[in-house]
Trainee: 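One structure follows; several queries about it will come next.
Just so you know, these numbers use all the heavy atoms, side chains as well, and skip hydrogens, waters and symmetry mates. Order of the sequence lines fixes the chain letters, A, B, ..., with proteins taken first and strands second; residue numbering starts at 1 for each chain.
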Amino acid sequence: MHPAASVIIFTSLSGLGFGLMFFLGLGKPDVSGGSAFVFFCIAYALAVGGLLASTFHLGNPQRAMKAFSQWRTSWLSREGVVAVAALLAMGVYAALLIFVGIRVAPLGWLGSALSITAVYCTSMIYGQLKTVPRWNMTTTPILFLLYALSGGALLAAQLPFALLLLAILTLVQILSWMLGDLSFALAGHNIETATGLGHLGKVRLLESPHSGENYLTREMVHVIGRKHSFKLRVIAALCLGVIPVVLLGLFQINHLSALLIIALHVIGLFTSRWLFFAEAEHVVGLYYDKR
Amino acid sequence: MTDLPTSTTKKLGLVIDLDICVGCHACVINCKEWNTSNYGAPLSDIDAYGSNPVGTFLNRIHTYEVKSDDKLAQTVHFPKSCLHCEDAPCVTVCPTGASYKRSEDGIVLVNESDCIGCGLCAWACPYGARELDAAEGVMKKCTLCVDRIYNENLPEIDREPACVRTCPANARHFGDFADPESDVSRMSAARGGMQLMPQQDTKPVNRYLPPRPKADIQTDGDIDILAPFLEPVAETPKGLLGWLDKALEAL
């Protein structure tokens with residue numbers, strides 16, 4: 001799949017933002033006044049920034065409001081509805097906490113639940129697609145939730161949680177890369193099954209429908225850039241989890257080193273999210289004899 | 001709403017005969033012509049006369065070579081357009097309700113004024129039947145020429161999809177698969193009409209008729225079984241031509 005900047009930024013940043021909100025809603029850290037204001041500003045900037053970035057890949061973003069209507073069947077619509085509900089609930093909770101000095105705990109819990117549900121909905125936009133076997137696995141929602149929770153714990157300065165979650169995340173991410181490599185073959189698709197001509201022999205594309213590219217090949221048959229995927233996986237694993245876990249485990253963390261760890265984690269997050277799209281193979285590629 | 005209808009009264013769709021299709025692309029051209037000048041946003045071409053032209057098409061022909069070890073390779077032209085699936089995944093993923101499947105005839109359509117151009121339906125389709133138009137930013141797909149098949153302004157003979165109407169080889173047929181006595185149902189039953197990618201559980205309505213087995217003419221060193229008929233009739237020229245031949249040889 002084409003690794004578009006808008007969807008990489010959307011999934012990465014909104015995940016981080018909602019992950020931070022999850023912890024803020026639970027009262028971890030137990031902040032109020034000015035420091036609460038800063039924490040909530042960061043969470044909203046990430047979540048809202050990510051959601052806005054997602055509108056950049058729309059052909060007609062002026063009609064985006066219509067996307068809240070089909071929550072009964074569409075994960076994309078559910079994601080929009082739940083994200084807005086989370087932002088509203090957390091907004092009221094944050095306003096009371098910052099300006100009135102009252103912590104309405106149940107409202108915070110509701111906000112936390114909605115935040116993490118929004119991340120789950122985001123993951124299911126991809127996880128539901130049978131056409132992309134690498135995404136259509138249970139590891140997809142688990143990974144998205146782990147990314148949000150571990151990044152959120154890091155941003156919320158919940159270091160023991162962060163250490164544990166980052167270690168689990170790194171292991172699950174590596175496992176999911178390995179399972180993902182098998183997924184296309186396990187789904188049982190090849191050019192013979194796609195064309196239904198396998199009973200006649202070995203099939204290959206003799207002539208493409210057109211001499212150039214088209215929307216499908218640009219969007220769904222992204223083969224360039226996978227060449228370095230192993231190196232990128234190593235870089236991603238080191239940055240998003242391995243180095244932060246070592247630093248968190250061995251050293252006393254101050255503000256500066258926390259910033260360094262967060263920066264490393266975000267680099268790892270963006271790298272792995274780029275791979276999530278670039279390595280995903282859509283079954284339509286079979287008709288073009290490409291994957 | 002993007003809920004799928006539990007059942008449809010009719011199941012309109014196409015039979016595509018892979019044995020007959022000659023790969024002339026006439027259906028591609030007539031589809032583009034009809035659908036660019038009638039219902040909905042036109043099917044745009046970008047950089048049409050430049051070095052990297054791309055365009056929106058609702059129907060495309062792939063050409064495959066199929067080869068088994070003991071036989072000669074054969075060419076199969078493979079037209080591909082929307083299969084109007086009963087369990088259309090492109091419909092249920094749509095966040096705005098722009099994508100829908102009609103309960104009366106099963107045609108899958110896009111309401112372009114509701115489409116935000118997110119592209120998720122195209123991702124959900126295993127067949128590559130949907131293309132986002134680069135100029136309009138809305139999703140385009142085969143409408144089964146819904147503006148022809150019920151159009152009483154057209155002569156009755158033209159009330160079928162443009163691709164079917166134009167096919168010079170009669171490789172494409174249009175009809176109702178809900179009626180077991182319809183031409184398309186009987187054709188599909190007789191020839192083992194197949195669904196594409198049944199593992200995707202989309203229950204496509206369109207059927208593909210597989211190529212008939214080729215008469216397997218293999219010879220032992222001879223060029224062709226017709227070769228005896230092509231043997232030269234006159235081995236050596238006689239008469240005036242014979243004399244001329246000899247005279248010219250002698251020169």
Side-chain angles (χ1 to χ4, degrees), chain A residues 1 54-55 57-64 66-80 125-126 128-132 187-189 191 193-216 218-220 282-284 287-289, chain B residues 1-3 18 23 28 52-57 60-69 71 73-76 78 80 89 91-98 114-120 122-128 131-134 136-139 194-197 199-201 208 210-211:
Chain A
M1 303 296 284
S54 74
T55 62
H57 89 281
L58 300 182
N60 280 286
Q62 77 280 6
R63 302 180 193 138
K66 290 181 191 278
F68 294 109
S69 65
Q70 304 301 312
W71 48 268
R72 287 198 300 180
T73 64
S74 166
W75 282 106
L76 181 51
S77 184
R78 286 172 197 161
E79 198 267 345
I125 296 171
Y126 307 101
Q128 68 177 333
L129 295 175
K130 263 192 158 176
T131 49
V132 185
H189 291 295
I191 188 170
T193 61
T195 55
L197 298 174
H199 63 286
L200 296 172
K202 190 99 193 72
V203 180
R204 73 180 179 108
L205 185 69
L206 188 64
E207 211 172 345
S208 173
H210 39 81
S211 52
E213 285 187 282
N214 66 19
Y215 170 74
L216 301 167
R218 284 184 178 176
E219 186 79 4
M220 285 168 256
H282 194 288
V283 293
V284 78
Y287 291 109
Y288 290 86
D289 215 348
Chain B
M1 267 291 177
T2 48
D3 287 335
L18 297 178
V28 178
N52 191 18
V54 283
T56 311
F57 287 82
R60 292 183 186 266
I61 317 294
H62 300 242
T63 296
Y64 298 105
E65 180 199 74
V66 190
K67 173 88 180 82
S68 74
D69 289 337
K71 286 184 180 159
Q74 76 182 91
T75 307
V76 180
F78 203 99
K80 206 153 53 56
V91 169
T92 51
V93 298
C94 176
T96 67
D114 277 354
C115 176
I116 56 172
C118 69
L120 191 57
W123 288 11
C125 172
Y127 312 108
E131 300 189 14
L132 189 75
D133 188 84
E136 292 287 333
V138 295
M139 197 53 73
M194 60 180 179
Q195 301 186 337
L196 293 191
M197 286 199 201
Q199 315 93 309
Q200 289 276 327
D201 300 323
Y208 284 78

Trainee: What part of A/Ile191 gets within 4.5 angstrom of chain B, counting heavy atoms only: side chain, backbone, both, or neither?
Mentor: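 Side chain only.
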Trainee: Which region of A/Arg78, side chain (C-beta onward) or backbone (N, CA, C, O), has a non-hydrogen atom less than 4.5 Å from a non-hydrogen atom of chain B, or is it both or neither?
Mentor: neither
Trainee: Is A/His282 close to chain B through its backbone or its side chain, or both, or neither, when contacts mean heavy atoms under 4.5 Å?
Mentor: side chain
Trainee: What's the spacing between B/Asp133 CG and B/Phe57 CZ if we round to 0.5 Å?
Mentor: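 Here the interatomic distance stands at 11.5 Å.
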Trainee: B/Phe78 vs B/Tyr208 aromatic rings, parallel, tilted or perpendicular, using cut-offs 30° and 60°?
Mentor: parallel
Trainee: When heavy-atom pairs shorter than 4.5 Å are enumerated against chain B, which of A/His189, A/His57, A/Met1 gives the highest number?
Mentor: A/His189
Trainee: Quick one: does B/Glu65's side chain have a donor or acceptor within less than 3.5 Å of a partner on A/Arg204's backbone?
Mentor: no
Trainee: What's the shortest heavy-atom distance between A/Glu213 and B/Val54, and which atoms?
Mentor: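 So the two residues come closest at O-CG1, 3.2 Å.
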Trainee: What part of B/Val138 gets closer than 4.5 Å to chain A, counting heavy atoms only: side chain, backbone, both or neither?
Mentor: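 Contact with chain A is through both the backbone and side chain of B/Val138.
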Trainee: Less than 4.5 Å to any heavy atom of chain B: does that hold for the side chain of A/Leu216, its backbone, both, or neither?
Mentor: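 Side chain only.
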Trainee: Chain B heavy atoms under 4.5 Å from A/Ala194: which part of the residue, side chain, backbone, both or neither?
Mentor: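 Both the backbone and the side chain of A/Ala194 come within 4.5 Å of chain B.
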Trainee: Can you say whether A/Thr195 sits under 4.5 Å from chain B via the side chain, the backbone, both, or neither, judging by heavy atoms?
Mentor: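 Interface part for A/Thr195: both.
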Trainee: Tell me the closest heavy-atom pair linking A/Asn60 and B/Gly137, and the distance in Å.
Mentor: ND2-O, 2.9 Å
Trainee: What part of B/Tyr127 lies closer than 4.5 angstrom to a heavy atom of chain A: side chain, backbone, both or neither?
Mentor: both
Trainee: With only heavy atoms counted, which part of A/Leu129 is less than 4.5 Å from chain B, the side chain, the backbone, both or neither?
Mentor: side chain
Trainee: Between chain A and each of B/Ala122, B/Gly119, B/Ala134, B/Pro210, count heavy-atom pairs under 4.5 Å; write down the option with the most.
Mentor: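 Among B/Ala122, B/Gly119, B/Ala134, B/Pro210, the one with the most close pairs to chain A is B/Ala122.
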Trainee: Flag the one option from B/Gly23, B/Pro89, B/Cys125 with the top tally of heavy-atom pairs under 4.5 Å to chain A.
Mentor: B/Cys125
Trainee: What pairs with A/Glu207 under salt bridge (Lys or Arg N to Asp or Glu O under 4.0 Å), at least two apart in sequence or on another chain?
Mentor: none
Trainee: What part of B/Thr75 gets within 4.5 angstrom of chain A, counting heavy atoms only: side chain, backbone, both, or neither?
Mentor: side chain
Trainee: Identify the two heavy atoms, one from A/Leu200 and one from B/Ser68, that lie closest to each other, and give their separation to 0.1 Å.
Mentor: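 Where A/Leu200 meets B/Ser68 most closely, the heavy atoms are O-CB, 3.5 Å.
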Trainee: To the nearest 0.5 Å, what is the distance between CD1 on B/Ile116 and CG on A/Leu76?
Mentor: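 B/Ile116 atom CD1 to A/Leu76 atom CG measures 6.0 Å (nearest 0.5 Å).
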Trainee: Which atoms of A/Glu79 come close to chain B, meaning under 4.5 Å heavy atom to heavy atom: side chain ones, backbone ones, both, or neither?
Mentor: neither
Trainee: Counting only non-hydrogen atoms closer than 4.5 Å, does B/Leu132 touch chain A with its backbone (N, CA, C, O), its side chain (CB onward), both, or neither?
Mentor: both
Trainee: Counting only heavy atoms closer than 4.5 Å, note whether B/Glu136 contacts chain A via side chain, backbone, both or neither.
Mentor: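 The answer is the backbone of B/Glu136.
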Trainee: Taking B/Thr92 for the side chain and A/Thr73 for the main chain, is one N or O donor matched with an acceptor at less than 3.5 Å?
Mentor: no
Trainee: Taking A/Ser77 for its side chain and A/Trp71 for its backbone only, find out whether a donor-acceptor pair lies under 3.5 Å.
Mentor: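 Side chain of A/Ser77 to backbone of A/Trp71, a donor-acceptor pair under 3.5 Å: yes, one is there.
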